[in-house]
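Only one structure is covered here, and it is reproduced in the block below.
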Amino acid sequence: MNNQQIAKIFNEIADLLELKGENMFRIRAYRRAAQSIDGMPNDIATLTPEELTALPGIGNDLAGKIREYLNTGTIKKYLELKKEVPGGVLELLKVRGLGPKKAKQFYDTLNIKNVDDLATAVQSGKLKGLPGIQKKTEENIMQSISWMKKGAERRPLGRLLPLAENIILQIKEAAPVGRIEVAGSIRRRKETVGDIDILATSKKPETVMNIFINLPHVTKIVNHGETKSSVITDDGVQVDLRVVDENSFGAALQYFTGSKQHNIRLREIAVHMGLKLNEYGVFQEPGNKRTGGKTEEGIYKALKLPYIPPELREDAGEIEAARENKLPELVTIEDIKGDLHVHTKWSDGSYEIHEMVAAARTRGYQYVAITDHTKGLGVAHGLDESRLAREIKLIDEINKTLKGFKILKGIEVDIKSDGKLDLPDETLAELDIVVASIHSGFKQSREQLTDRLLSAIRNPLVNVIAHPTGRLIGERDAYAVDMEAVFKESAKYDVAMEINAYPLRLDLNDFYIKMAKRFGVSFVICTDAHIASQYDYMSYGVAMARRGWLEKKNVLNTLPLEQLIKKLKSCRAGKIKMKQQLIS
DNA sequence: GCCGTTTTCGGCCCGACTGTTTTCAGTCG
């Protein structure tokens, strides 16, 4: 898709313009356009010229540059800028504490072209004597370079959310705080997180700050002010704590949750209404009379907007939707009636069926689908026809003993490298639900991988495609697949796409969820649990669904048992009918 | 470079903290 490439170029143009010291509003225009394009669920190449300039932040000039890219594969202005500034200089902007002004200064006066040059320059004392540079700045630069080399990359939400909750607990126990909550991208439930933002109320902010910077596991204090401090933990995660007055908590939570772009839009709206919005509240100009700030809802109300849930706050159309009262009613964890992708000891899970069932019942579920692997996955001790028959028999027996709960007989059938399924249709027909997925041949061509998924989707017995893109956050990229083709076919054949809630997968992610939703695809949210406690990953899957603007009606496992079974059956019947029509 | 229920020109979000400065620029979120 072209969107990401164009967004990347626009962001780089913005960086280059910053280094040149150009007008900051022009720079912001490029960044805003980049974000607008990056968040779009459909290919920008499909838009008409009118639709293009209707996008927020895209005017005639940038629309022209987009068309130029689509026609020629590049943008002349971008190439010219790149000629003026060596590539490594952009890298300097990634050093924390180093912005465009200093980077430009170093390049202009010392010909520093990359991070290695910079380190050498500091070590050989070349920075001394430059205006505004003293010992402390040199130390900070060296420190930042070493953090950078260690790789302070974004980490999975599933790692940092528990860490954030733990830190909050520690602060609560030791410091005089009232309310305390996680904010930032964790509260927006982004799939990866850069740092941890925490907001608290207190009458003694200095005391709270002192306790915070002295918590165990703090290895470096980045900032230490009266109401705001930042530290780095021993595993390299930055944690920011901000303390505000009780009356400003809502405004501060809104501000601190972001996204930055969402907040900028809100402040623009405020300005147009003759108001001022900051982290302390909404103020009426002139006179600076406070008209809100205690609650987040109050902030949005003051701007004449309905409350916008944190997961939507990306300036990706939510503000426009809010103004037209068209915000989706997002699916919640309480809507989930069961898990449809669960493993047991019969393949690579660690628990017996009855144990997984008991754990599902404590979560208030009405059903769970046992979906062990098939024989193709030798490492997972996958099931062949005879072992599957025995598992089915056992499930039937257990089901007879259950009241108000049902185990669905399922399978996670392997889509083999030639696109065939790992078990014959007559075996799959014995099951209530068939989940199909790819576990091998990731390096095949885009055409081959796409064809494999398409042929699985067309199989009359397949209900769900699990972890459709195969990505593992920080470990493995999504495999090369034409996802548009996959979604179109899924919508046509009524096959659900899984939102796999396993923290390293979160696959589909929010971007693909929005795209699939546009094609009319239905979804299931499943944990892929291999042990009972992993049922709790469901909240991450629901978070992705919410970020993808999904409502209850888009998600099949929000249906009560009877309706779900009916739906699974009608999906198969529909496909069989389609196949017969094709033959005749 | 974008944009308009004040505007087709003249605006464009707001504040904390740091390091260098005697009052502020740079950076960050």
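Worth knowing before you read on, the calculation uses all heavy atoms, side chains too, and leaves out hydrogens, waters and symmetry mates. Order of the sequence lines sets the chain letters (A, B, ...), proteins ahead of strands, with each chain counted from 1.
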Heavy atoms only, 4.0 Å cut-off, all strands: where does A/Arg242 land among base, sugar-phosphate and nothing? sugar-phosphate
Checking salt bridge (charged side-chain N to carboxylate O under 4.0 Å, His left out) against A/Asp15, which of A/Arg31, A/Lys94, A/Lys104 comes through? A/Arg31
Between B/dA16 and B/dC12, how far is it from one C1' atom to the other, in whole Å? 22 Å
Using Watson-Crick or G-U wobble geometry with both distances under 3.5 Å, which nucleotide pairs with B/dT8? none
OP1 or OP2 of B/dT20 under 4.0 Å from side-chain N/O of A/Thr137: yes
Is the distance from OP1 or OP2 of B/dG26 to the nearest side-chain N or O of A/Gln105 less than 4.0 Å? no
Integer-rounded Å distance: B/dG15 P and A/Tyr280 OH: 9 Å
Across the strands shown, which category fits A/Leu266 at heavy-atom distances under 4.0 angstrom: base, sugar-phosphate, nothing? nothing
How many whole angstroms separate atom CZ of A/Arg31 from atom P of B/dG29? 13 Å
Please tell me if A/Arg267 has a side-chain N or O lying less than 4.0 Å from either OP1 or OP2 of B/dC13. no
Span that lies between the P atom of B/dT18 and that of B/dC13, in whole angstrom: 26 Å
Would you kindly check if the NZ (Lys) or CZ (Arg) of A/Arg547 is within the cone defined by 45 degrees around the ring axis of A/Tyr512 and under 6.0 Å from the six-membered ring centre? no
Roughly, in whole Å, what's the span from NZ in A/Lys94 to P in B/dC28? 13 Å
Between B/dC14 (P) and A/Leu275 (CG): distance, integer Å: 11 Å
Ranking B/dC13, B/dC2, B/dT27 by distance to the side chain of A/Phe25, first place goes to B/dC13
Given that A/Gly59 and A/Lys135 both sit by DNA chain B, which one's nearest nucleotide is further toward the 5' end? A/Gly59
Is there a donor and acceptor pair closer than 3.5 Å between the side chain of A/Tyr255 and the base of B/dG29? yes
Can A/Lys514 and A/Asp510 be counted as an ion pair, charged N to O under 4.0 angstrom? no
Closest to the A/Lys276 side chain: B/dA16, B/dC14, B/dC13? B/dC14
Can you tell me how far P in B/dT20 sits from the matching atom in B/dC28, rounded to whole Å? 15 Å
Check whether the side chain of A/Lys136 and the base of B/dG19 form a donor-acceptor pair under 3.5 Å. no
For A/Arg159, look at atom CZ and say whether over 12 heavy atoms of other residues, nucleotides or ligands are found less than 6.0 Å away. no
Length of the line joining A/Phe212:CZ and B/dA16:C1', which is rounded to integer Å: 15 Å
What distance, rounded to whole Å, do you find between the two C1' atoms, one in B/dG26 and one in B/dT21? 12 Å
Please determine whether a side-chain nitrogen or oxygen atom of A/Lys102 lies at a distance below 4.0 Å from atom OP1 or OP2 of B/dG26. no
Once you apply a heavy-atom cut-off of 4.0 Å, does A/Thr227 come out as touching a base, just sugar-phosphate, or nothing? sugar-phosphate
Check every strand shown and say whether A/Arg28 touches a base, only sugar-phosphate, or nothing at a heavy-atom separation below 4.0 Å. base
Can you identify which nucleotide, out of B/dC17, B/dG1, B/dC13, has its nearest atom closest to the A/Glu268 side chain? B/dC13
B/dG1 to B/dT5 separation - C1' atoms, rounded to the nearest Å: 24 Å
Between B/dT6 and B/dC2, how far apart are the two P atoms, rounded to whole Å? 23 Å
Backbone of A/Arg242 reached by a side-chain donor or acceptor of A/Thr227 within 3.5 Å: no
Check the distance between B/dC14's C1' and A/Asn263's CG and give it to me in whole angstrom. 10 Å
With a 4.0 Å cut-off on heavy atoms, is A/Leu62 in touch with a base, just the backbone sugar-phosphate, or nothing at all? sugar-phosphate
Angle between ring planes, A/His262 versus A/Tyr300, binned at 30° and 60°: parallel, tilted or perpendicular? tilted
Which value, in whole Å, describes the distance between the P atoms of nucleotides B/dC17 and B/dG10? 38 Å
Just checking A/Asn140: base, sugar-phosphate only, or nothing, at a heavy-atom cut-off of under 4.0 Å? sugar-phosphate
Is A/Arg471 reaching over with its side chain to a backbone N or O of A/Leu506, donor-acceptor style, under 3.5 angstrom? yes
Per A/Asp61 side chain, nearest of listed nucleotides B/dC13, B/dC2, B/dT27: B/dC2
Counting the atoms with a prime plus P, OP1 and OP2 as sugar-phosphate, which does A/Ile58 contact under 4.0 Å by heavy atoms, base, sugar-phosphate, or nothing? sugar-phosphate
Applying a 4.0 Å non-hydrogen cut-off, can you work out what A/Lys65 is touching in the nucleic acid: base, sugar-phosphate, or nothing? sugar-phosphate
Note, A/Ile58 side chain near A/Ile37 side chain (heavy atom, < 4.5 Å): yes
Just to be sure I understand the rule, does A/Pro100 reach a base, reach only the sugar-phosphate, or reach nothing, if contact means heavy atoms closer than 4.0 Å? sugar-phosphate
For A/Asn23 and B/dC12, give me the distance from atom CG to atom P, rounded to whole Å. 12 Å
Contact class for A/Lys260 vs. all strands (heavy atom < 4.0 Å): base, sugar-phosphate, or nothing? base
Please check the phosphate of B/dG29 (OP1 and OP2 only) for any side-chain N or O of A/Arg96 closer than 4.0 Å. yes
CD of A/Gln143 versus P of B/dG19: gap in Å, rounded? 12 Å
Of the options B/dG29, B/dT21, B/dT7, whose atoms approach the side-chain atoms of A/Asp197 most closely? B/dG29
